[in-house]
Amino acid sequence: MNRSAPLVLGIETSCDETGIGIVRGTTLLSNTIASSMDEHARYGGVVPEIAARAHLDELVPAINAAVTEAGICLQDLDAIAVTCGPGLSGALMVGVGAAKALAVALDKPIYAVNHLVGHVGADLLQAEPSTTAPLEYPTIALLVSGGHTSLLLVRDLVSDVELLGETIDDAAGEAFDKVARLLSLPYPGGPQIDRVAIDGNPKAIRFPRGLSQPKDMAAHRYDFSFSGLKTSVARFVEQRQDAGELVPVADVAASFREAVVDILLTKAIVACGDFGVPRLLLGGGVIANARLRAVATERTDAAGIVLRIPPLSLCTDNGAMIAALGAQLIMAGHEPSTLEFGADSTLPVGQIQV
Amino acid sequence: MVLLAIDTSAGTSVAVVDLDRGVIAERGEADTMRHAEIVGPFILECLREANVDPAALSGVVGGMGPGPFTGLRVGIASARVFALGAGKPLVPVISHDAIAWGHYRRGHTGPLVVVTDARRREIYWSAYSEADAIGLPVRVGSPGLAKPAELDDPAWLHALWPRIDAATVSAGELGLVAELSYAHRRPFAANEPLYLRSPDVTLSNGPKRVSR
Ligand SMILES: [Zn+2]
């Protein structure tokens, strides 16, 4: 096996994207994604069974497309990497079963890896060999998507990742979807809220920042909560409707978005301060939100924190980040996983490889 | 012709078969909760025990069900992707056909209804009129999904046919059905999972009120 720049194929099926990525060391060769998002739109959220069925349909075409784009043969691979958790268990199992079969068919080693740590690994990938400075450790990582909202302290990508906090109810992306529905906007909610918020005043309505009170900051310093915020938006909308008034959609969207962005970055920057880590990495699909990126830039600049945001195509769930993490494990000399691992929907973030 | 066969429509079963030599290696586990864990090791163990390289296979047989979603998918994903990796054709076979073939081979004659668990107090069934000249079961119609009481209704078309409740599917038998079908130029099944159920989703009627 090539341990200096291994050729790795990554398989990601933890939610609604079937992601197949191929990397050589830290060089990205293909990031193929087939999403079942449109099929979930009419239900207002990801339906696990629909997502899992789509993975089964998309796997082979996606592997073929990735191999073609990368200009390699499957036999050339040094290893297979696969997400084994956390995520939707039925969806994860499709990828896990397929990855093992591929590893045995090709007689290649397999690396079963953690999805959340994969999001951090995405930052290591470049389209061309090294043009930007590599990720430095330690770093705080803020991962925000429809499935997770987590704050990590990454001392070393392949050996030391600590969960500082996470959402205790909804993921931030879910909150965007639910508030979009309250405002009669389509799924997925993030881009819709972003679109209508352009004309809104983010200070028009003061929505609550979850777990930001002093007593919460003692018990849940790095945790998030978005259900109270969602309820507060719902109550505001209902009051207007009950009074026969128009709902100021743009102001509600802008003020809601401001509340989410504010609490996410406040806690991330608190963590940077507490641990004396002047680096913040963003990941997850919600990073596509323009306001989140703008505020992140402002506040990290003001605090003297170096901000890293991987390209958007690598922030949403994808197989390239899984391949990248697999390649890092190989380059660090880690042994492959044994074939007996299963899908673990609640895999703790500290378990980087299973 | 050596084939690798994989079925997870009930438990997990993997085999390496050959038309002349029969079942060369087989691994089975009835537990319906461990498909993703054991399918990979089973494939590896069967190939090693049979002393067969993936390159020496002529194809990969996948059991298409019917079967409960989550488990069924693991085997089909494994079969499809193994076939892709090994550069071999995928051979889809209906899992109930393997159960029926096994029973006819062990001496059953005449009509037969194969029944397997579909969970949620429902069952999957397939009806076979007989075994044909080469011993392959003759299925009348597609596999179906029903409540157990529907099959006990005397008005049901196959109510009086002998019935076998199967808890496992043998990948060895699945593979041999594929061998016979190929040898006698019979068509294979479609490369589609037989869930026989829509994903359970209920459309919501908009957000619920939070204030009274
Ligand atoms: Zn993710």
Side-chain angles (χ1 to χ4, degrees), chain A residues 11 13 39-40 42-45 47-53 55-57 59-60 63-64 67 74-75 80 84 89-108 110 178-179 181-182 184 230-239 242 338-343, chain B residues 4 6 8 12 14 33-48 53-55 57 60 62 64 68-88 90 191-193 195 197-212:
Chain A
I11 299 180
T13 64
E39 294 176 61
H40 306 284
R42 52 195 292 250
Y43 306 107
V47 180
E49 177 62 21
I50 291 179
R53 289 186 184 195
H55 289 313
L56 180 58
D57 293 341
L59 261 181
V60 168
I63 294 173
N64 279 326
V67 164
L74 285 171
Q75 285 298 343
I80 311 294
C84 64
S89 66
L92 286 166
M93 278 184 219
V94 178
V96 167
K100 290 181 183 180
L102 189 60
V104 176
L106 297 169
D107 192 20
K108 306 290 182 186
I110 188 166
K178 289 177 177 174
V179 167
R181 281 180 63 207
L182 288 170
S184 303
K230 182 203 70 190
T231 306
S232 174
V233 174
R235 193 166 288 131
F236 179 88
V237 169
E238 285 166 15
Q239 278 163 0
D242 292 350
T338 55
L339 269 183
E340 286 78 18
F341 66 89
Chain B
L4 171 71
I6 302 169
T8 57
T12 303
V14 177
M33 302 301 290
R34 297 183 61 232
H35 300 108
E37 285 87 337
I38 58 186
V39 70
F42 278 6
I43 296 172
L44 187 64
E45 288 169 24
C46 285
L47 290 172
R48 282 192 181 151
D53 224 41
L57 294 168
V60 181
M64 294 292 136
F69 327 135
T70 311
L72 176 64
R73 261 193 297 270
V74 174
I76 297 177
S78 304
R80 284 180 180 172
V81 173
F82 191 100
L84 176 70
K88 305 295 175 185
L90 178 82
N191 181 9
E192 280 167 22
Y195 300 122
R197 256 195 210 124
S198 306
D200 347 86
V201 198
T202 37
L203 273 176
S204 79
N205 308 310
K208 286 194 210 74
R209 273 189 75 90
V210 296
S211 36
R212 278 166 290 167

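To find a chain, count down the sequence lines: A is the first, B the second, and so on, and within it residues start at 1. Hydrogens, waters and symmetry mates are skipped; everything else that's a heavy atom, side chains included, is used.
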query = Would you find more than 12 non-hydrogen atoms of other residues, nucleotides or ligands less than 6.0 Å from A:D107 atom CG?
reply = no
inquiry  = Need one label for A:L182: side chain, backbone, both or neither, based on atoms under 4.5 Å from any heavy atom in chain B.
reply    = both
key: Short side-chain to backbone donor-acceptor contact, B:S78 and A:G97, under 3.5 Å   = yes
ask   = Can a cation-pi geometry be assigned to A:K100 and A:F341, taking NZ or CZ under 6.0 Å from the six-membered ring centre and within 45° of the ring axis?
value = yes
query = Can you say whether B:P54 sits under 4.5 Å from chain A via the side chain, the backbone, both, or neither, judging by heavy atoms?
reply = side chain
query = Measuring heavy-atom distances to chain A, does B:K208 have an atom under 4.5 Å in its side chain, in its backbone, in both, or in neither?
reply = backbone
task = Look at A:V60, A:V96, A:T338 and state which one has the largest set of heavy-atom pairs under 4.5 Å with chain B.
result = A:V60
key: 4.5 Å side-chain heavy-atom contact, A:L106 and A:I80   = yes
key: Region of B:L47 in contact with chain A, defined by heavy-atom distances below 4.5 Å   = side chain
inquiry  = Is A:L59 close to chain B through its backbone or its side chain, or both, or neither, when contacts mean heavy atoms under 4.5 Å?
reply    = side chain
request  = Report yes if the side chains of A:L339 and B:I43 come closer than 4.5 Å at any heavy-atom pair, otherwise no.
outcome  = no
query = Within the side chain of B:T70, is there an N or O that forms a donor-acceptor pair under 3.5 Å with the backbone of A:G90?
reply = no
request  = Check whether A:V94 gets within reach of chain B through its side chain, its backbone, both or neither, counting any heavy atom under 4.5 Å.
outcome  = both
query = Within a radius of less than 6.0 Å around CZ of B:R209, do more than 12 heavy atoms belonging to other residues, nucleotides or ligands occur?
reply = yes
message = So for B:S198, is it side chain, backbone, both, or neither that comes closer than 4.5 Å to the heavy atoms of chain A?
response = backbone
message = Can you tell me which portion of A:L56 sits under 4.5 Å from chain B's heavy atoms? Options are side chain, backbone, both or neither.
response = both
Per-residue contact mode, A:V104 against chain B (heavy atom under 4.5 angstrom) = both
